[in-house]
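Note: hydrogens, waters and symmetry copies are ignored here, and every other heavy atom, side chains too, is used. Everything quoted here is computed from the prediction, not taken from an experiment.
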Amino acid sequence: MSRVVFLSTETFGDRMAGPAIRTWELASALARLGHEVTVASTSEIKRSANFRTAVYSARSLALLLSCADTFIIQNPELLRYGEVRNPPIPLVVDLYDPFILENLEVYKDLDMRSRIGLHRADLKKLLDLISIGDYFICASERQRFFWLGILSALNRICPSTYDDDPSGRSLIGVVPFGIPDDQGLTQQGQETCEYIPGLQPEDRLLVWPGGIWSWFDPLTLIKAMEILRDDMAVPVKLLFMGVHHPDPNITVMSMAHKARQLSDEKRLTGKYVFFNEQWVPYDKRSIILSRANIVVSTHFKTMEADLSFRTRLLDAIWAKRPIVSTEGGILSDWIIEHRLGLVVPPEDPITLAHSIKSLLSNDDMLAEITRNIEAFRASLRWARCVTDLHKFCMHPRFSPDRMSGKNEIDLSRHIDSCRYSSRLTYWYKMKYRFRAEGFRGVLKAIKKRLR
């Protein structure tokens, strides 16, 4: 077995977002397989684990990596460290999150000049990551084809890497997001009432299982809630599990404000639609999910949706809850293929409301879906999902093209063509933050920058 370091900028504690959850669970799975694992972050880690944890800085990073055989990163912000940009040991880059497509939605409300500047900055970060990685992982075969195209365009798939492995599996593998074992499942309790005051046993509960990000479509779901309010004899209530990101430095996205505004306009807030301001603790999420009748996730018809891997929907499979989701993405394919719930067209509140109503009114269908989920969920255990990464960590090595220096195209030319003033990019981000949070948000960001 080998010594593996996960290098992160995420917050690890009671409340964790998707990237932190993925890092934590991958580390735990590799540790159970016998690897000597360390998760290192820029802030104190406040969770117990079956692996080592550490806090690193620019000064201590070199020492940390000198005690490892390979290291793994997700966030391109880590490229500011010289040890990451010129890795002394083999580097694994986790590409499960196609952030370059997500951010096309995040900054959609800005003027075109700002959007172009921010996109060029994102593109440079992505090209930097592609240029220095020795091995890449993504979340699905569909994502893998997307990344193979980018790797080919940047000449990372070249004669030396092709001769090494014509299948390309030695360069990029598939490591899906997984689900933990049943040990963390908790039966419903009084805690649910903290998030939905006055929730009655006969009420039907829909749960939105994560944050309200700009690439999602909560507006169609809120419109469907207005229909369900008038059509259902039994009250149907909706809980958005998290509005504020667990990292306080991340801005509340504009879509969250739009969702709340629409819910207020339709007089649903506080009676039928509930927004949980703070992120639900990771170890308590099953309390809410076990009370839910249906887990719902809706999104727009975009490239991001097609390449997405809706990680928080896996919590529904873990908790054996039926799913209603918009079509698009590997998760919706699984829902159809394995009958884990219902899939609806995008931006169609009438069909969405009808699908939710039909599920809530059909006990036989709910029982069948629960049985299907029970049979399917074993294939998503983290121990199975981590196979490709485990194989690389068993025998870590530098990529043949980087090791031999035989690249026929200088990647720096591609990267240079995307360079953009860091000051100008920062100005564009401040414009976005001002729109989302006002002067208070801008001052908070400037204080962080000065520190």
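Note: F12 and W24 meet the aromatic proximity criterion, with ring centroids under 6.0 Å apart. Side-chain rings of W334 and F376 approach one another, their centers coming within less than 6.0 Å.
When all heavy atoms are compared, the tightest approach of P322 to L359 is CB-CD1, 4.4 Å. Among all heavy-atom pairs drawn from V37 and A31, the shortest one is CG2-N, 3.8 Å. Residue M16 comes nearest to G13 through the heavy atom pair CG-O, 3.6 Å, listed as atom of the first residue, atom of the second, then distance. In this structure, F300 and S214 approach most closely via the heavy-atom pair CE1-O, 4.4 Å. When every heavy atom of E202 is checked against every heavy atom of V234, the shortest pair comes out as O-CG1, 3.0 Å. Heavy-atom minimum distance, K320 versus I373: CA-CG2, 3.8 Å.
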Before giving the answer on side chain to side chain donor-acceptor pair (under 3.5 Å), spell out for S131 and D128 the whole-Å C-alpha distance, their side-chain angles and the decisive distance to 0.1 Å. CA-CA 5 Å; S131 68; D128 275 343; 4.6 Å; no
Steps toward side chain to side chain donor-acceptor pair (under 3.5 Å) verdict (T9, N75): CA-CA 7 Å; T9 59; N75 195 333; 2.9 Å; yes
Could you walk me through whether I72 and L7 satisfy the side chain to side chain contact (heavy atoms under 4.5 Å, CB included) test, starting with their C-alpha distance in whole Å, then the side-chain angles of each, then the deciding distance to 0.1 Å, before giving a yes or no? CA-CA 6 Å; I72 302 167; L7 210 59; over 6 Å; no
Can you check side chain to side chain contact (heavy atoms under 4.5 Å, CB included) on L219 and Q261, steps first, answer last? CA-CA 10 Å; L219 308 181; Q261 181 180 3; over 6 Å; no
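For the atom pair SG of C385 and CG of L314, the computed distance is 8.0 Å after rounding to the nearest 0.5 Å. Rounding to the nearest 0.5 Å gives a distance of 5.5 Å between CG of L342 and OG of S355. To the nearest 0.5 angstrom, D94 atom CG is 6.5 Å from L26 atom CG. L366 contributes atom CG, which lies 9.0 Å from atom CZ of R321 (distance to the nearest 0.5 angstrom). To the nearest 0.5 Å, atom CD of residue E347 and atom OG1 of residue T326 are 9.0 Å apart. The CZ atom of F145 lies 10.0 Å from the OG atom of S140; values are rounded to the nearest 0.5 Å.
In this structure, Q143 contributes its side chain and A139 its backbone to a donor-acceptor pair below 3.5 Å. Side chain of R260 to main chain of H257: no donor-acceptor pair is present (N/O by atom type, distance under 3.5 Å, no hydrogens or angles). Counting only distance, with no hydrogens or angles, the side chain of W147 and the backbone of L95 share a donor-acceptor pair below 3.5 Å. The backbone N or O of T351 sits less than 3.5 Å from a side-chain atom of D348, completing a donor-acceptor pair. No side-chain donor-acceptor contact under 3.5 Å links D230 to the backbone of I227. Without hydrogens or angle criteria, T23 side chain to A20 main chain gives no donor-acceptor distance under 3.5 Å. Between the side chain of Q278 and the backbone N or O of N276, no donor-acceptor pair lies under 3.5 Å. Remark: side-chain polar atoms of S290 are paired, donor with acceptor, to backbone N or O of I287 under 3.5 angstrom. Listed for the H390 side chain is no donor-acceptor partner under 3.5 Å among the backbone atoms of A29.
The pair R142-D333 meets the salt-bridge criterion, since a charged nitrogen lies less than 4.0 angstrom from a carboxylate oxygen. Under the 4.0 Å criterion applied to side-chain N and carboxylate O atoms, E304 and R310 are assigned as salt-bridge partners. Ion pairing between a basic and an acidic side chain is recognised when a charged N comes within 4.0 Å of a carboxylate O; E226 and K223 show no such pairing. We find that E25 and R381 are not joined by a salt bridge, their nearest charged nitrogen and carboxylate oxygen being 4.0 Å or further apart.
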Would you be so kind as to tabulate the donor-acceptor pairs closer than 3.5 Å made by side chains of residues 38-46, with sequence neighbours excluded?
unit_1 : atom_1 : unit_2 : atom_2 : d
S41    : OG     : E10    : O      : 2.8

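Within 6.0 Å of atom CZ in R267, 12 or fewer heavy atoms from other residues, nucleotides or ligands are found, so the atom counts as exposed in its surroundings. A 6.0 Å sphere centred on NE2 of H354 holds no more than 12 heavy atoms belonging to other residues, nucleotides or ligands. The number of heavy atoms from other shown groups lying within 6.0 Å of CD1 (I350) does not exceed 12. In R339, the CZ atom is not crowded: 12 or fewer heavy atoms of neighbouring residues, nucleotides or ligands sit closer than 6.0 Å. In M303, the CE atom is not crowded: 12 or fewer heavy atoms of neighbouring residues, nucleotides or ligands sit closer than 6.0 Å.
Contacts of R312 classified as side-chain contact (heavy atoms from CB on, under 4.5 Å), with partners at least two apart in sequence or in another chain: I21, P209, W279, R285, D315.
Ring geometry for Y81 versus Y56: interplanar angle over 60°, hence perpendicular rather than tilted (30 to 60°). Note on ring orientation: taking the six-membered ring where Trp is involved, the planes of F240 and F275 are parallel (angle under 30°, cut-offs 30° and 60°).
Checking T298 against D217 by side-chain atom types alone, no donor-acceptor pair falls below 3.5 Å. Side-chain N/O atoms of S152 and R156 include no donor and acceptor closer than 3.5 Å.
Using a 4.5 Å heavy-atom threshold, the side chains of L61 and V84 count as touching. Side-chain contact between F309 and C138: absent, with no pair of heavy atoms (C-beta onward) separated by less than 4.5 Å. No side-chain heavy atom of V386 sits under 4.5 Å from any side-chain heavy atom of W382.
Of the listed residues (L262, V273, L352), just one forms a side-chain contact (heavy atoms from CB on, under 4.5 Å) with L221, and that residue is L352.
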